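The block underneath contains the structure these notes are about, expressed in structure tokens.
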Amino acid sequence: MITQTNLVLHRTSKKSILLDVYKPSQQFETCPIIIFCHGYKGFKDWGAWTVMAKRLVKAGFNVVKFNFSHNGGTIEQPNDFPDLEAFGQNNYSTELEDLKDVVNWVAHNLSASNSLKQEIYLIGHSRGGGIVTIYAEEDSRIQKVVTLAGVSDFKSRFVKGEQLKAWKQRGVMYITNGRTKQQMPHYYQFYEDFIENVDRLTIKRAVSQLKIPLLIIHGNQDTSVLPEEALKLNQWQPNSQLLFIKEADHVFNTRHPWILPDISAELLTAVETMINFFNRIQDI
């Protein structure tokens, strides 16, 4: 396995993106490329994501995972959230732009130089699941997409009524990070950006219009993103494949930090299902 971690994708007038690349030792120039997007209050090195990536590489895929530019990490401190100001300035449009730049980087730096085309697949966890479904509908280079405990709606996650008015008046609201105990800011621009781009950021619209294979994986014990959201995604895209994993929570029974040599049984089921999905020749 060829491993390159904490590569810096420099961008003009935008924050840099930190990413990891994992390749099979042989014939990686022709192996499909998987791009993994973390979720809300997440990062590329959270929990068992690295172990998961290596499992996928052993199955014959290139894997790229990255930190969204405004996830709260920095180039020097990529894990956890030393840059809360950046976290507060994040929004869904920014994350879609980040993913676009990563896909472009992958297409120019990992794709084969010969005539054999490599396919690009997306995996998104939680909020990242919403991001990858929207992006996959927009970019014809994406051939398959997977949501892991993916959300079905961004709008419903915003506060409403008096809380929304208070947010607008104050300009910021804070969310407690249960693990780090940090008070993490969300500036009102987050909501404004969503309203300005509501059609684009409607997951139902994107999923309904997908023309590529979609795999929906969800834990039946997920209390952060309820299983009903997976059912909605499946209903909106009848050609999608849906798997509920028994006894699995929102992170498929993994934790941060993850010190075990292998992933949990529940995440292993998810990985094996993804491998079969990516290897399958199918049309929808």
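Being a predicted model, the structure only gives us computed values, none of them experimental.
- Ring centroids of Y22 and F61 are separated by 6.0 Å or more, keeping the two rings apart.
- Two residues are said to be in side-chain contact when any heavy atoms from C-beta on lie closer than 4.5 Å; R11 and L9 meet this criterion.
- Side-chain contact between Q143 and I212 is absent, with no heavy-atom pair separated by less than 4.5 Å.
- Within the model, atoms OG of S16 and CG of L7 stand 12.0 Å from one another, a figure rounded to the nearest 0.5 Å.
- Looking at Q182, its side chain never comes within 3.5 Å of a backbone N or O of I175 through a donor-acceptor pair.
- Note on residues 170-198: pairs passing salt bridge (charged side-chain N to carboxylate O under 4.0 Å, His left out), not counting sequence neighbours, are D80-R179.
- Of the N and O atoms on the side chains of E85 and Y187, at least one donor lies less than 3.5 Å from an acceptor on the other residue.
- Although no hydrogens or angles enter the test, the distance criterion places a donor-acceptor pair under 3.5 Å between the side chain of S25 and the main chain of M1.
- A distance-only check finds a donor-acceptor pair linking the side chain of K144 to the backbone of F278 [under 3.5 Å].
- Cation-pi check for K65 over F36 is not met; the charged atom does not lie both under 6.0 angstrom from the ring centroid and within 45 degrees of its normal.
- Side chains of T5 and D20: a donor-acceptor N/O pair is absent below 3.5 angstrom, by distance only.
- Expressed to the nearest 0.5 Å, how far CG of L164 lies from CD of Q169 amounts to 12.0 Å.
- Annotation: salt bridge (charged side-chain N to carboxylate O under 4.0 Å, His left out) contacts involving residues 236-264, sequence neighbours excluded, comprise R55-D262, D249-R255.
- Two residues are said to be in side-chain contact when any heavy atoms from C-beta on lie closer than 4.5 Å; V132 and I123 fail this criterion.
- The two atoms that bring P78 and N6 nearest to each other are CG-OD1, 4.3 Å, heavy atoms only.
- Under the 3.5 Å distance criterion, the side-chain polar atoms of N239 are left unmatched by any main-chain donor or acceptor of P213.
- For W49 and H125, the gap between ring centers is short of 6.0 Å.
- Heavy atoms only, all atoms of each residue included: G73 and D83 are closest at O-CB, 4.2 Å.
- Checked against a 6.0 Å centroid threshold, the rings of H70 and F81 do not count as neighbours.
- Looking at I275 and L56, their side chains come closer than 4.5 Å, going by heavy atoms from C-beta outward.
- Of all non-hydrogen atoms in V146 and M274, the two that sit nearest each other are CG1-SD, 3.7 Å.
- Between Q183 and T176, the side chains place a donor N or O and an acceptor N or O closer than 3.5 Å (distance only, hydrogens not considered).
- For the residue pair N253 and A248, the shortest heavy atom distance occurs at OD1-CA, 3.4 Å.
- With rounding to the nearest 0.5 angstrom, the OH atom of Y135 is 13.0 Å from the OG1 atom of T133.
- The side-chain heavy atoms of N91 and Q189, taken from C-beta on, include a pair separated by under 4.5 Å.
- Here the closest non-hydrogen pair linking I263 and M52 is CG2-N, 3.9 Å.
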Side-chain donor-acceptor pairs under 3.5 Å in residues 200-207, sequence neighbours left out?
| unit_1 | atom_1 | unit_2 | atom_2 | d |
| --- | --- | --- | --- | --- |
| R200 | NE | E138 | OE2 | 2.7 |
| R200 | NH2 | E138 | OE1 | 3.0 |
| T202 | OG1 | V198 | O | 2.6 |
| R205 | NE | D199 | O | 2.8 |
| R205 | NH1 | E137 | OE1 | 3.2 |
| R205 | NH2 | R200 | O | 2.9 |

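- Qualifying salt bridge (charged side-chain N to carboxylate O under 4.0 Å, His left out) partners for E228, counting only residues two or more places apart in sequence or in other chains: none.
- A perpendicular orientation is assigned to the rings of Y92 and F158, their planes being inclined by more than 60° (bins at 30° and 60°).
- In terms of modelled atom types and a separation under 3.5 Å, the side chain of N90 and the main chain of N71 share no donor-acceptor contact.
- Using a 4.0 Å cut-off between charged side-chain N and carboxylate O, D101 and K14 make a salt bridge.
- Taking the six-membered ring for Trp, F154 and F194 have ring centres at least 6.0 Å apart.
- K165 NZ: 12 or fewer foreign heavy atoms inside a 6.0 Å radius.
- Two different hydrophobic clusters hold V8 and V64 under the rule that ILVMFWY side chains link at heavy-atom gaps under 4.5 Å.
- Atom CZ of residue R127 and atom SG of residue C37 lie 11.5 Å apart, to the nearest 0.5 angstrom.
- I34 and F28 are members of different hydrophobic clusters when ILVMFWY side chains are connected at heavy-atom separations under 4.5 Å.
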Original post:
Should L214 and I216 be marked as a side chain to side chain contact (heavy atoms under 4.5 Å, CB included) after you check the CA-CA gap, both sets of side-chain angles, and the distance that decides it?
Top reply: CA-CA 7 Å; L214 167 65; I216 304 158; 4.0 Å; yes
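- Remark: Y191 pairs with no residue by the side-chain hydrogen bond (donor to acceptor under 3.5 Å, both in side chains) rule, at least two apart or across chains.
- Rounding to the nearest 0.5 Å gives a distance of 11.5 Å between CG of L99 and OG of S69.
- Residues I33 and E119 fail the side-chain proximity criterion, which asks for heavy atoms closer than 4.5 Å.
- The ring of H218 has its center no closer than 6.0 angstrom to the ring center of F252.
- For T273, the side-chain contact (heavy atoms from CB on, under 4.5 Å) criterion is met by L215, I217, Q241, L243, T269, not counting sequence neighbours.
- For an aromatic pair to be called close, the ring centres must be under 6.0 Å apart, and Y188 with F190 fails this.
- Salt-bridge formation is detected for the pair D139/R141: a Lys NZ or Arg NE/NH1/NH2 atom is positioned less than 4.0 Å from an Asp or Glu carboxylate oxygen.
- Within the 4.5 Å cutoff, the side chain of V21 has heavy atoms near those of the W105 side chain.
- A distance-only check finds a donor-acceptor pair linking the side chain of H38 to the backbone of F68 [under 3.5 Å].
- I142 and A136 get closest at one heavy-atom pair: CG2-CB, 4.0 Å.
- No donor-acceptor contact under 3.5 angstrom links the side chains of H250 and T223, judged on distance only.
- Atom CG of N220 sits about 9.5 Å away from atom CD of E266, to the nearest 0.5 Å.
- L233 is listed as a side-chain neighbour of W236, based on a closest heavy-atom distance under 4.5 Å.
- Proximity of a side-chain donor or acceptor of Q118 to a complementary backbone N or O of C31 within less than 3.5 Å is detected.
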